[in-house]
Number of protein chains: 2
Amino acid sequence: MATIKDIARIAGVAPSVVSRALNNKYGVKESTRQRIIQIARELGYYPNSAARSLVTRRSETIGIVMADISEPFYSQSIKGMEYVAKQTGYTLLFSNSYENVEQGQVLHKMISGERVDGLVIVGSNIQEKSFISLLLERDIPFVLVERKFSDPRVNCIWLDNVKGGYMATKYLIEKGHRRIGHIAGNLYFQVALDRIEGYKRALAEAGIDFSQEWVAAGDFLTHGGYRAMKELLPLGCTAVFVANDAMAYGALRAISEAGLKVPDDIAIVGFDDLEFSSLTNPPLTTIRQPRYEMGRKSLEILTSILRERRSGDEASPDGVKVCFQPELIVRQSA
Amino acid sequence: MATIKDIARIAGVAPSVVSRALNNKYGVKESTRQRIIQIARELGYYPNSAARSLVTRRSETIGIVMADISEPFYSQSIKGMEYVAKQTGYTLLFSNSYENVEQGQVLHKMISGERVDGLVIVGSNIQEKSFISLLLERDIPFVLVERKFSDPRVNCIWLDNVKGGYMATKYLIEKGHRRIGHIAGNLYFQVALDRIEGYKRALAEAGIDFSQEWVAAGDFLTHGGYRAMKELLPLGCTAVFVANDAMAYGALRAISEAGLKVPDDIAIVGFDDLEFSSLTNPPLTTIRQPRYEMGRKSLEILTSILRERRSGDEASPDGVKVCFQPELIVRQSA
DNA sequence: CGACTTTTCGAAAACGTTTGCCAACCTACC
DNA sequence: GGTAGGTTGGCAAACGTTTTCGAAAAGTCG
């Protein structure tokens, strides 16, 4: 590979001039700049990223850590993030946390190895906070997705899950249901708790007693939804609000295996509005989460912080907090 | 962040010794090694990856380029790759090619910037070959997934798609169907061509005339499957072999919208066996592709090449070629 | 105890960039 | 023609490692 020195030699100029020319810095005559650019092109020059980030202390890379990148739930978020990454020239480095950000050395590998300039952490569980103080202490920009965090310094973006749970449940109540169950997500995650909270509020508002028995524990995965629905079935509810679509798929299956019909015997409302949810039988009524926009926003926040830092401006000490709104998508399962 | 020099100073030793101690190299007394390790731990030392790869010319990173990481099709491959990556300590750097590897600078960014030590390229289209000669020329290890490439030097792994297409079609024939349509994938990809070929062979073997009219053009995406099925519907076929599950979902929808029943009016066989395919209505009969194993294998091949190179052994000039076998999964759509 | 071998350690170069600072050059103005 | 001021280019240090080579220390053996 050609280096900056090769170019300098050929152009009859010092390496530093080549660097400035290629980086569009002030202080090099336009004619020599053109000459240098031409030579660089002919040599197929591409800057060595290790050398560059060693001196600039920047990697132009952003780390994305999420539970499991292969969950369909994340597909749209990723697309949104990539959109911004492409715009701003950042490279995205994905890493699975498998429900536990703090465990494992991925985070250390990323931040201590200076492989990333900043982080987007989506869906960390509520018990984890030491990694947050670590990031704060090391002064590494990051944004939390799907988690509200009270410290004013941290950037968070999340969906109003309480409202979403409320909307789903209220919709079922308006449809005339009174015996409404809930399949909850993994309770170590704030989203699961918030959706339960919304469910409770709608119930309370309609004067329906909340019963712990009606909420079955799930794990946000299809199979967990299936199991939970089986638990719920004998209780005779006429409707179930399921904390996410993936579990709703499992619930649909359990219901169908029991020989019951959706929505006539049991109505189902999911959460998330995955791509597949319009293809289930029947198509799933659900709460849409603007995942693309949220992914995009998360990266916009991060890149703008990074930009501020690079330009040396004093960044505001306060983080950004953005709350997105859920939307009810009515299909045929309720 | 603490550097190797800090440790050296505290330990009263030269930086080079620290490096050797931390990398478990021969030539440092066990007692000093322990002392150094202890100090490193106390300081929370982590090697700066840029500095390291600048001198070693290795990034300990593998680039994975695929059409669209968020397609559910890839989820299992990714899991398989991650498994090996974790074992071997490599970091995975994903990049979407959006159906065109050569376009765009991702590849250059990765290889010319020396960000990756090797590449796994899954599903490049058949017209693209200049990137292959580039990689060969630059002597960058890579493995092609989902594409057979005749040059003996290149490592390829693929599924026997001809056989898969044959199995799917033959199954339908055995079920008594004679009017069997096909929804093809994007014809710029070898897999699409091979599955058509398998379809043709099964037809020929059963003495059924092949008619171009019976094969509808698709794009491997759900919506394309939906459209293609609509084209096929008026032709009165009693069965359709769909080139992948994602399109099969669209086909199922089109059929159901037309008021027809699967499998009674039209039988459907898909390809891939995605997670969702057991949840469709009716559950999809399909050809399974061992995606996890293929992802895993691709990275095993690459890492073993990388290991050989690092140890300085002369690698064999010939690449590895691995063909995986498809498997028929019978559910209820055919 | 001396000669030799082996082990342990240190100095320094190298990897490819960026950047602060200074020197040289050019322009223009008096 | 001299000087001030601005523009352009070069030198050298720095970033944090690894690695080569040689020196010093330690160990071995007669």
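Order of the sequence lines fixes the chain letters, A, B, ..., with proteins taken first and strands second; residue numbering starts at 1 for each chain. Quantities reported herein were computed from a predicted structural model and do not represent experimental measurements.
For B:F324, the CZ atom counts as densely surrounded, since its 6.0 Å shell holds more than 12 non-hydrogen atoms of other residues, nucleotides or ligands. Applying the 6.0 Å contact sphere to OH of B:Y46 captures more than 12 heavy atoms from other residues, nucleotides or ligands.
Rounded to a whole Å, the CZ atom of A:R57 is 13 Å from the P atom of C:dT19. In this entry the distance linking CG of A:L54 with P of D:dT17 reads 9 Å, nearest Å. Per the geometry, CD belonging to A:E60 stands 13 Å off C1' belonging to C:dT17, to the nearest Å. Rounded to whole Å, atom C1' of D:dC15 lies 13 Å from atom CD1 of B:I4. Atom CZ of A:R20 is separated from atom P of D:dT8 by 12 Å (rounded to the nearest Å).
Between A:D117 and A:R310 no salt bridge is recorded (no basic side-chain N to carboxylate O distance below 4.0 Å).
Checking the phosphate oxygens (OP1, OP2) of C:dG16, no side-chain nitrogen or oxygen of A:T3 falls inside 4.0 Å. Residue B:S19 has no polar side-chain atom (N or O) positioned under 4.0 Å from OP1 or OP2 of D:dT17. For A:R52, no side-chain nitrogen or oxygen approaches OP1 or OP2 of C:dG16 to under 4.0 Å.
Residue-to-nucleotide proximity on DNA chain D shows that, of A:V17 and A:T56, the 5′-proximal contact is made by A:V17. Comparing A:K5 and B:P15 along DNA chain C, the residue whose closest nucleotide (by nearest heavy atom) sits nearer the 5' end is B:P15. Comparing B:V55 and B:A14 by the nucleotide of DNA chain C whose heavy atom lies nearest to each, the residue mapping closer to the 5' end is B:A14.
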Residue pair B:R35, B:E30: steps toward the salt bridge (charged side-chain N to carboxylate O under 4.0 Å, His left out) verdict: CA-CA 9 Å; B:R35 188 157 43 94; B:E30 193 50 32; over 6 Å; no
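For the 3.5 Å distance criterion, the side chains of B:R147 and B:S124 qualify, holding a donor opposite an acceptor. In the model, A:R115 has a side-chain atom that pairs as donor or acceptor with a side-chain atom of B:T91 under 3.5 Å.
Taking only side-chain atoms of B:A51, from C-beta outward, the nucleotide of C:dT17, D:dT18, D:dG16 with the closest atom is D:dG16.
Residue A:S16 is classed as a base contact, given a heavy-atom separation below 4.0 Å to a base.
The heavy-atom pair separating A:S298 from A:I157 by the smallest distance is N-CD1, 3.9 Å.
Proximity of residues 21-48 of chain A to DNA chain D (heavy atom under 4.0 angstrom from any strand atom) is restricted to A:Y26, A:G27, A:V28, A:K29, A:T32.
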